[in-house]
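What follows is one structure encoded as structure tokens, with my remarks underneath.
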Amino acid sequence: MIRYRTAVIEGLEVFYREAGDPSAPTLVLLHGFPTSSIAYQELIVALSDEFHLIAPDYPGFGHSSAPAADTWEYTFDHLADVVDQLLDSLGLTRYALYVHDYGAPVGFRLALRHPDRITGIITQNGNAYEEGLTPFWEPLRTVWNDPSEQNLAPLRENYTRQATHWQYTHGVRDVTLVNPDKEALDQALLDRPGNQEIQLALFRDYGTNVERYPQWQEYLRIHQPPVLAVWGRHDEIFGPEGALAFARDVKKAHVQLLDAGHFALDTRGPQIAALARTFLRTLPD
């Protein structure tokens with residue numbers, strides 16, 4: 001059974017899903033944009049017989065508090081601060097990470113802060129290499145260099161119903177596998193008053209992640225955490241070259257390219273669950 005909990009972190013209500021035996025090995029699941037921990041609902045059910053799973057919603061996402069962008073600092077450093085404090089409050093000192101999209105910059109910040117806590121990393125279209133950045137990112141690069149309203153305005157198209165649908169369906173051969181309920185929930189949360197400003201703040205800050213890629217890669221080379229890179233090969237946001245690059249820095253990285261798009265878990269869930277289970281069984285205690 002999944003339990004739906006809330007913790008108070010920095011005065012905010014931070015929602016998280018939890019399942020499995022807390023004495024079992026822990027997997028922390030970090031979601032991407034424009035979704036929330038709902039992205040992991042089925043995977044949590046699939047793995048909870050053997051593992052302890054924690055999936056939080058970041059501030060501004062899902063069921064967590066969403067203070068206005070002019071009252072709370074929406075940066076990836078700050079998102080990582082909140083997740084770090086949540087895990088501390090739960091007494092978690094050893095865990096594997098599952099990262100997708102925004103989950104990668106949050107997760108790698110945690111790994112740099114606490115390399116001794118990380119037992120392994122599953123990255124599902126969670127990028128850490130320049131090679132993984134597709135043409136999708138060119139308008140954002142412009143904003144990182146000049147965050148003027150003129151450059152920011154086109155980015156608002158990423159928060160429309162059409163853009164959300166594209167994120168879920170591009171690169172997918174059989175779109176009947178895509179659950180429209182998740183799209184609808186994501187869009188409803190994006191459409192909340194003030195949420196576009198929250199998302200624009202994170203788009204502006206995303207350049208700090210690219211700047212830190214060399215630090216994350218150094219962490220991988222030095223600490224050699226077990227890595228499973230399971231990737232939708234047709235992703236037009238983070239291309240498959242981003243998955244293959246992990247093998248350059250981690251000697252025993254396992255790279256699996258799937259016939260899927262950016263939200264590979266939604267159309268290849270059972271396959272990814274099986275790969276994750278096999279991988280997690282090999283990790284140290």
Side-chain angles (χ1 to χ4, degrees), residues 1-5 15-22 24-58 61-64 83 86-87 90 92 95-104 106-107 110 118-127 167-169 171-172 174 176-186 189 226-233 235 237-238 243 254-283:
M1 297 291 292
I2 298 178
R3 297 187 183 276
Y4 304 94
R5 305 186 187 278
F15 174 87
Y16 63 98
R17 299 166 199 263
E18 181 175 16
D21 183 348
T26 296
L27 178 65
V28 175
L29 303 114
L30 301 174
H31 68 81
F33 167 86
T35 188
S36 65
S37 62
I38 188 67
Y40 295 120
Q41 183 83 1
E42 293 85 0
L43 185 64
I44 291 170
V45 172
L47 298 178
S48 61
D49 62 322
E50 191 172 350
F51 303 101
H52 177 224
L53 302 111
I54 297 286
D57 290 348
Y58 315 133
F61 293 81
H63 298 293
S64 289
V83 174
L86 172 66
L87 299 181
L90 298 176
L92 296 175
Y95 47 84
L97 294 172
Y98 186 117
V99 300
H100 172 242
D101 191 82
Y102 278 11
V106 174
L110 297 179
I118 308 302
T119 59
I121 299 171
I122 301 172
T123 172
Q124 183 242 301
N125 301 74
N127 197 55
Q167 285 225 40
Y168 273 91
T169 58
V172 175
D174 183 359
T176 66
L177 295 172
V178 177
N179 184 349
D181 294 344
K182 290 186 179 180
E183 287 185 47
L185 175 61
D186 290 353
L189 295 174
V227 169
L228 169 63
V230 56
W231 216 272
R233 66 166 66 244
D235 188 358
I237 299 173
F238 296 121
H254 178 61
V255 178
Q256 186 82 37
L257 300 180
L258 306 179
D259 183 10
H262 184 65
F263 279 93
L265 189 57
D266 279 67
T267 58
R268 292 289 179 265
Q271 184 179 3
I272 293 175
L275 289 166
R277 184 184 296 275
T278 299
F279 174 77
L280 292 168
R281 285 174 173 172
T282 69
L283 299 183

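Worth saying up front: this structure is predicted, and the values here are computed from it rather than measured.
With Arg277 contributing its side chain and Ile272 its backbone, the two residues share no donor-acceptor pair below 3.5 Å. With hydrogens and angles ignored, the 3.5 Å screen pairs no side-chain donor or acceptor of Ser37 with any backbone N or O of Pro56. Under a 3.5 Å cut-off, the side chain of Thr267 and the backbone N or O of Ala260 do not form any donor-acceptor pair. When atom types are taken as modelled, the side chain of Thr282 and the backbone of Phe279 share a donor-acceptor pair closer than 3.5 angstrom. Of the possible polar contacts, none joining the Trp231 side chain to the Thr123 backbone as a donor-acceptor pair under 3.5 Å is found. Of the possible donor and acceptor atoms, one in the side chain of Ser64 sits under 3.5 Å from a partner among the backbone N and O of Asp57. Judged by distance alone, with hydrogens and angles left aside, the side-chain atoms of Thr278 form no donor-acceptor pair with the main-chain N or O of Leu275 at under 3.5 Å.
Ion pairing between a basic and an acidic side chain is recognised when a charged N comes within 4.0 Å of a carboxylate O; Asp266 and Lys182 show such pairing. A salt bridge between Glu18 and Arg5 is present, with a side-chain N of the basic residue lying under 4.0 Å from a carboxylate O of the acidic one.
Side-chain contact between His52 and Leu27 is absent, with no heavy atoms from C-beta onward closer than 4.5 Å. Within the 4.5 Å cutoff, no side-chain heavy atoms of Val106 are placed close to those of Val99. In this structure, the side chains of Leu265 and Asn125 stay at 4.5 Å or more apart for every pair of heavy atoms. The closest side-chain heavy-atom distance from Gln167 to Ile237 is below 4.5 Å.
If you look at Phe61 and His31, their ring centroids are closer than 6.0 Å.
In this structure, the separation between CG on Leu30 and OH on Tyr40 is 6.5 Å, given to the nearest 0.5 Å. Distance check, rounded to the nearest 0.5 Å: CG of Leu47 to CG of Leu280 gives 6.5 Å.
No hydrogens or angles considered: a donor-acceptor pair under 3.5 Å links the side chains of Asp186 and Tyr168. Between the side chains of Asp101 and His262, at least one donor N or O sits under 3.5 Å from an acceptor N or O.
The two residues Ser36 and Gly62 have their closest heavy-atom pair at CB-CA, 3.6 Å.
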